[in-house]
Amino acid sequence: MDHRYYGLPFLGAVEVFEALARHLSLTLAASELNLTAAEIRRQIKVIEDELGTPVFVVLGADVMLTGPGEDLYSVLASIFSKTCNVLRTIKRGGHSKM
């Protein structure tokens, strides 16, 4: 039985994907998230297995997004940016009208 909301992969893997896509570097993403490069690779494999397609091409410590990876990152970057804006507004005591 699948108990995940919205049919998303494990959200930790999504966070790892976003950091790696933003940095395009296993070293920088691992440092930001306090993980090893091997753990970053394992989390990316979770997403790729779920999607059935690669989202990165690994070039040593650096990576490139594939077409599907670019599509996913574009959406995630927008969602994370909007979420950050709402959180900032709430912290200032305001209400967001999103």
Side-chain angles (χ1 to χ4, degrees):
M1 179 181 277
D2 189 0
H3 293 285
R4 295 176 301 171
Y5 291 118
Y6 307 111
L8 293 170
F10 174 61
L11 290 178
V14 173
E15 178 184 25
V16 168
F17 170 84
E18 188 279 333
L20 184 56
R22 185 169 20 89
H23 291 296
L24 296 177
S25 164
L26 285 164
T27 304
L28 292 175
S31 176
E32 176 182 319
L33 299 171
N34 199 28
L35 298 171
T36 65
E39 182 59 26
I40 297 282
R41 286 187 181 103
R42 277 193 292 277
Q43 294 297 319
I44 296 306
K45 183 165 177 14
V46 167
I47 289 177
E48 291 177 336
D49 288 350
E50 176 94 13
L51 296 176
T53 190
V55 291
F56 289 104
V57 175
V58 179
L59 308 164
D62 296 328
V63 298
M64 284 180 24
L65 287 161
T66 63
E70 287 178 2
D71 292 344
L72 179 56
Y73 179 63
S74 175
V75 170
L76 283 176
S78 175
I79 289 167
F80 283 16
S81 176
K82 289 176 183 176
T83 302
C84 186
N85 290 339
V86 170
L87 292 172
R88 211 175 288 125
T89 299
I90 292 169
K91 284 180 183 179
R92 289 189 207 126
H95 298 282
S96 176
K97 296 182 181 180
M98 295 198 72

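When all heavy atoms are compared, the tightest approach of E48 to P54 is OE2-CA, 3.4 Å. Across every non-hydrogen atom of S25 and D62, the tightest pair is CB-OD1, 3.9 Å. Nearest heavy-atom pair, R41 versus G60, reported as atom, atom and distance to 0.1 Å: NH2-O, 3.8 Å. In terms of heavy-atom proximity, V55 sits nearest to L51 at CG1-CD1, 3.8 Å.
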Before giving the answer on side chain to side chain contact (heavy atoms under 4.5 Å, CB included), spell out for F17 and L65 the whole-Å C-alpha distance, their side-chain angles and the decisive distance to 0.1 Å.
CA-CA 10 Å; F17 170 84; L65 287 161; 4.0 Å; yes
What do the steps show when you test Q43 against F10 for side chain to side chain contact (heavy atoms under 4.5 Å, CB included), and what is the final call?
CA-CA 9 Å; Q43 294 297 319; F10 174 61; 3.8 Å; yes
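For the atom pair OG1 of T27 and CG of L20, the computed distance is 10.0 Å after rounding to the nearest 0.5 Å. For the atom pair I47 CD1 and F56 CZ, the distance stands at 8.0 Å (nearest 0.5 Å). Remark: M64 CE to T66 OG1 distance equals 9.0 Å, nearest 0.5 Å.
Although no hydrogens or angles enter the test, the distance criterion places a donor-acceptor pair under 3.5 Å between the side chain of T83 and the main chain of I79. No donor-acceptor pair under 3.5 Å is formed between the side chain of S81 and the backbone N or O of A77.
Of the charged side-chain nitrogens involved, at least one lies within less than 4.0 Å of a carboxylate oxygen, so that R42 and E39 count as a salt-bridged pair.
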